[in-house]
Amino acid sequence: MGVTTQTNCPGQGRGRAAVMPPLTILEHPGVVYLWWYNTHATVRKYDTLTGENHDLFTTHSGNANVTANVSPDGHWIIINELTDAGVTAIELVNVNGSYKQTVYCSQRNSSLSGVLLSPDQHSLIFNEQNQHKQTDTLNILDMTTGKVRTVLSSLQPGYPGAPAPQQAVGGTPAQASSQQPAVEPRYASQFMPQPGLPPMKMYIPLKWISNSSLYLMGTSMLPSSAQCPKISTNYSISTSLSLNSIRM
């Protein structure tokens with residue numbers, strides 16, 4: 001009986017258990033890369049023995065917002081692409097071009113980055129940033145069950161790098177707002193103060209240290225708007241995160 005996979009979205013912000021049978025046919029050594037033609041991207045494999053190229057996966061969206069990387073065992077390719085439906089999908093395909101499937105789709109107006117499989121390939125971590133809601137989360141997808149768990153969120157109290165709430169002068173914030181004139185919020189860039197919301201702190205997965213910890217890169221991003229395009233500041237940090245206390 002054949003193995004069935006699904007390529008449709010499991011739902012916005014929802015995951016799906018991955019179908020990852022082991023390779024039964026030995027493959028020649030090869031190099032997997034992205035090939036862009038016009039606005040579509042194709043995942044290709046170059047056979048280092050025969051010199052031939054094989055197309056494994058062609059994106060179904062008409063844009064170039066596509067990234068890809070190879071699983072730790074070298075048997076799977078993880079594709080991260082923005083679809084025409086306005087959501088970002090995480091897809092899998094075997095290095096021989098079989099078992100194409102979609103394991104996660106983002107919320108609308110969200111972008112995904114830092115999509116990485118753990119060394120044992122049981123967990124898939126990724127950053128999800130929602131520009132509309134001005135939120136940033138670090139999520140883990142259990143590849144066996146399809147369950148998604150948020151391990152770090154900008155909505156959590158004490159989120160690393162979030163600006164501390166300012167204590168209003170003259171009473172509670174509600175009382176102070178009635179006593180003081182409204183002031184337009186401004187943030188400081190590398191050039192000059194700018195109007196609008198302060199930069200958002202986001203944490204991008206860089207590399208798994210083990211199956212329970214990984215390196216993150218913290219960076220500040222300016223919220224996008226019609227008046228102020230999204231850009232990156234000069235500030236970034238490297239840190240690590242332990243997942244021992246949040247096992248699924």
Side-chain angles (χ1 to χ4, degrees), residues 1-25 27 30 32 34 43 45 56-57 59-61 65-83 85 87-107 110-130 136-153 203-217 240-248:
M1 186 174 181
V3 178
T4 302
T5 59
Q6 300 180 66
T7 57
N8 63 309
C9 274
Q12 293 184 26
R14 298 182 61 184
R16 173 183 290 138
V19 179
M20 302 176 70
L23 268 180
T24 56
I25 301 176
E27 295 286 329
V32 175
L34 281 174
V43 179
K45 183 178 66 176
L56 305 178
F57 185 98
T59 60
H60 48 72
S61 59
N65 295 312
V66 182
T67 60
N69 61 76
V70 180
S71 63
D73 66 2
H75 295 173
W76 295 89
I77 303 163
I78 306 100
I79 300 105
N80 176 26
E81 70 161 318
L82 177 64
T83 69
V87 299
T88 304
I90 300 177
E91 298 150 320
L92 289 179
V93 64
N94 196 284
V95 291
N96 60 19
S98 58
Y99 302 109
K100 297 177 183 178
Q101 56 195 286
T102 301
V103 296
Y104 182 81
C105 282
S106 71
Q107 300 280 354
S110 292
S111 59
L112 305 180
S113 57
V115 183
L116 297 174
L117 265 176
S118 60
D120 62 7
Q121 302 188 164
H122 291 168
S123 301
L124 183 76
I125 195 162
F126 55 92
N127 174 278
E128 182 163 354
Q129 184 186 45
N130 189 303
D136 188 78
T137 57
L138 195 64
N139 299 324
I140 286 184
L141 168 68
D142 187 314
M143 299 293 280
T144 303
T145 65
K147 179 181 177 181
V148 179
R149 176 93 177 254
T150 296
V151 297
L152 193 62
S153 170
Y203 291 90
I204 310 298
L206 292 179
K207 181 182 179 180
W208 286 89
I209 304 172
S210 66
N211 292 317
S212 59
S213 59
L214 65 151
Y215 290 114
L216 304 174
M217 180 183 70
S240 61
L241 175 68
S242 175
L243 306 178
N244 288 324
S245 61
I246 50 173
R247 290 187 182 274
M248 294 180 286

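The first residue in the sequence is number 1, and the count goes up from there.
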Mind listing the closest non-hydrogen atom pair of Gly13 and Tyr104 along with its distance?
CA-OH, 3.5 Å
What is the distance from atom CG of Asn8 to atom OG1 of Thr102, rounded to the nearest 0.5 Å?
7.0 Å
Non-hydrogen atoms of Val95 and Gly74 that approach each other most closely:
CG1-O, 3.3 Å
How far apart are the closest heavy atoms of Pro10 and Gly15, and which atoms are they?
CB-O, 3.8 Å
With Thr144 via side chain to side chain donor-acceptor pair (under 3.5 Å) - residues at least two apart:
none
Quick one: does Met143's side chain get under 4.5 Å of Leu117's, heavy atoms only?
yes
Which atom of Gly146 lies closest to which atom of Leu141, heavy atoms considered:
O-CD1, 3.4 Å
Given side chains that start at C-beta, do those of Pro205 and Asn127 come closer than 4.5 Å, heavy atoms only?
yes
So, do Leu214 and Ile125 sit near enough that their side-chain heavy atoms are less than 4.5 Å apart?
yes
Within the structure provided, determine whether Thr67 and Val115 are in side-chain contact (heavy-atom separation under 4.5 Å).
no
Donor-acceptor contact below 3.5 Å, side chain Thr137 vs main chain Asn139
no
Does Gln121 have any side chain to side chain donor-acceptor pair (under 3.5 Å) partners at least two apart in sequence or in another chain, and if so, which?
Ser71, Asp73
Kindly determine whether Ile78 and Asn80 satisfy side chain to side chain contact (heavy atoms under 4.5 Å, CB included), including the steps that lead there.
CA-CA 7 Å; Ile78 306 100; Asn80 176 26; 6.0 Å; no
Any heavy-atom pair between the side chains of Glu91 and Val66 that's under 4.5 Å?
no
Rounded distance [0.5 Å steps], CD1 in Ile209 versus OG in Ser118
13.0 Å
Once rounded to the nearest 0.5 Å, what's the spacing between atom CG of Asn69 and atom CD1 of Ile77?
9.5 Å
Please report the shortest heavy-atom distance between His122 and Asp120, naming the atom on each side.
N-OD1, 3.0 Å
Please report the closest heavy-atom contact between Ser123 and Ile140, naming both atoms and the distance.
CB-CG2, 4.0 Å
Identified side chain to side chain contact (heavy atoms under 4.5 Å, CB included) counterpart of Tyr99 within the set Leu92, Val93, Thr5, Thr4:
Thr5
Okay, side chain of Arg149, backbone of Asp142: is any donor-acceptor separation there less than 3.5 Å?
no
CG (Leu138) and CD (Gln129) are apart, to the nearest 0.5 Å, by 12.5 Å
Roughly how far, to the nearest 0.5 Å, is CG of Asn96 from CG of Leu56?
8.0 Å
Just wondering, do Phe57 and Ile79 contact through their side chains at under 4.5 Å, heavy atoms?
yes
Please report the interatomic distance CG(Asn94) to CG(Leu23), rounded to the nearest 0.5 Å.
4.5 Å
Side-chain heavy-atom pair Val43, Leu34 within 4.5 angstrom cut-off:
yes
